[in-house]
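Worksheet: the structure to be examined is printed underneath.
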Amino acid sequence: MSKDKNAPAAAPVSNFIRQIVEADLASGKHAGRNWAGQPGPAAAHAGAPLDPAAIRTRFPPEPNGYLHIGHAKSICLNFGLARDYGGACHLRFDDTNPEKEEQEYVDAIVDAVRWLGFDWGKNEYFASDYFDFMYQAAQHLIRHGHAYVDSQSAEEMRANRGTLTETGKDSPFRSRSAEENLDLFRRIEAGDFPDGAHVLRARIDMASPNITLRDPAIYRIRHATHHRAGDKWNVYPMYTFAHPIEDALERITHSICTLEFEDQRPFYDWLLERLAEGGLLARPLPQQIEFARLNLSYGVLSKRKLIQLVQEQHVDGWDDPRLPTLAGARRRGYTPEGFRRFAERIGVSKADSWIDYSVLDECMRDDLNARALRRIAVLDPLKLVIDNYPAGQSEDCFAPNHPQQPELGKRAVPFSKELWIEREDFSENPPKGYFRLFPGNSVRLRYGFVVKCTGCDKDASGNVVAVHCEYFPDSKSGTPGADAYKVKGNIHWVSAAHAYECEVRLYDRLFREPNPGAGGRDYLEDLNPDSKRIIAACLEPALKEAKPEDRFQFERHGYFVADRVDSKPGAPVFNRAVTLKDSWAKG
Ligand code: ATP
Ligand code: MG
């Protein structure tokens, strides 16, 4: 186990964001900041000094779905910077849209970020807590001629916005007076108009080459109940208006987002400048920095698709171990340390790229290999009878808990006359180079005795139902002279009389195509029909005591976790997190 669970897996690799942060710290860009004169979180921090040497970042999910592996990249980045540069990272729920947000999602997000090993202390915020301030800010813009109520229809607005090659046209309502706009905006807020009748727009420049500066909408009418603000509001701020304000109120220094917001940066800066020059916000203002989002082959990282997969029951809920949600990854047996290792390995850049799922699996293997205790499991059981071993007798063999960490000791595994072995470890007509059990051949039963195969029993249809062998009593592993037996095969086994028989789920990739839905196909057509297989396995008895979320390497098979939902005390069921080797590798 690592000592400090927040510690990075390795020394962090530098990247362009770290360079910006280091330059800002060196130049003292954020020195002199304080909480004074700020509404919002400032109140919660009343009297507490704001460390001017520290950076502030935030992770700002919209609570309209569960977090996925892409979010893990953003979480590790934001919380990692705060950790490495002695700052704070806020968890902020961007709940400006009243229609899609739910408490269930808020709770799931809290769980997931905590599970990844990060702590935000008191810095948990909701954008909806700033609605009053945002409403004041909008009125301020109106008073200073920076915003107006537009009463064009949605189609007119779209037509007049122009295109990449054509400038936009001014709305006929653009020249409304500040008084008229203020009055209208107050009546809109009071609920005098239906959804869509008006929008409040920033007055910037309809001829700007950057379309996002052509008088973007900043408030819209929504007669909706908000999950926290209730029915108080009939207007809701647009995300692009709300987000910069949230950052500024929380005194964020570096507002890190994905590349699709690059075009929005001029508006981000424009808005904060207007409010700062009006004295509504304190300087220095936050800086938006964009990085490339994570695209993961064989996984869909879109909330819309994840919601569809869950709602149409292509998977068994948000925490289905096959889903790329963090709740699913956790249930599957992936580890927070593995995710942090993954985030370091993929790095941060401005260039869009695809990461193969195998990179994530490899990070999980590396982490689990170092920490998971070894256990024995037979997943496809076939009976092995040792004809010259006394019936009713049993004895202990000793197996190391971790081959590279002898300090973790050994455990006893019972040995007896009838054992379970893997079906594939016996062959009646072995192919060339097969060193396991076949008539006349000897193998070592790992941590136990050397046995020589004498034959097998078959049922009426010719299927092998039991294998017979004889053991050599002086060949027991760890006893003097045992090494005198030279055999090429070494197979694992579980005593039939002592085995813990239980359900094991073998999970594989949810999609069989690297880019589900590529070429205009419905991405659902690319679902892998074999992504979940349930088997009845025979495990060594020690596994009966596994607690939910205990992780193990089942020797020769992979890494498994005791399912955190379906396991009962004394009756765990196991999920396969990842195989020992990449079975999807080409060639
Ligand atoms: P949507 O835009 O559909 O709501 P989203 O995945 O962008 O979905 P948010 O809740 O807005 O959801 O995301 C929260 C944060 O996570 C944002 O800062 C966003 O940039 C970041 N993020 C989302 N997806 C990825 C990804 N694939 N890689 C890296 N960061 C991501
Ligand atoms: Mg988003």
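One-based numbering along the sequence shown. Atoms within each ligand, like the ligands themselves, are counted from 1 in listed order.
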Is the shortest N/O to N/O distance between Leu294 and ligand 1 below 3.5 Å? yes

Ring-ring centroid check His90 Phe59, cutoff 6.0 Å: no

Please work out which of Lys303, Arg293, Arg92, Lys73 has its closest non-hydrogen atom nearest to atom 25 (C) of ligand 1. Arg293

Identify, by atom number and element, the atoms of ligand 1 in contact range of Glu62, meaning under 4.0 Å from any of its heavy atoms. 4 (O), 9 (P), 10 (O)

Relative to ligand 1, is His68 under 4.0 angstrom through side chain, backbone, both or neither, heavy atoms considered? side chain

Under the rule for ring pair (Phe, Tyr, Trp, His ring centres under 6.0 Å), what residues qualify as partners of Phe93, not counting sequence neighbours? Phe126

Do you know which of Thr253, Leu272, Thr57 makes side-chain contact (heavy atoms from CB on, under 4.5 Å) with Pro286? Leu272

Is Thr258 close to ligand 1, meaning an N/O of one under 3.5 Å from an N/O of the other? yes

Do Tyr357 and Phe511 have ring centres separated by under 6.0 Å? no

Using the benzene-type ring in the case of Trp, are the ring centres of Phe261 and His243 under 6.0 Å apart? no

Side chain, backbone, both or neither: the part of Phe59 lying under 4.0 Å from ligand 1 by heavy atom: side chain

Would you please name every residue forming a ring pair (Phe, Tyr, Trp, His ring centres under 6.0 Å) with Phe185, sequence neighbours left out? Tyr135, Tyr219

Assign the ring pair Phe118 / Phe79 to parallel, tilted or perpendicular, where the plane angle (0 to 90°) is split at 30° and 60°. parallel

Proximity of Asn295 to ligand 1 by residue part, where a heavy atom lies under 4.0 Å: neither

Going by the order shown, which atoms of ligand 1 are within less than 4.0 Å of some heavy atom of Pro60? 14 (C), 18 (O)

Contact atoms of ligand 1, heavy-atom distance to Asn64 under 4.0 Å: 4 (O)

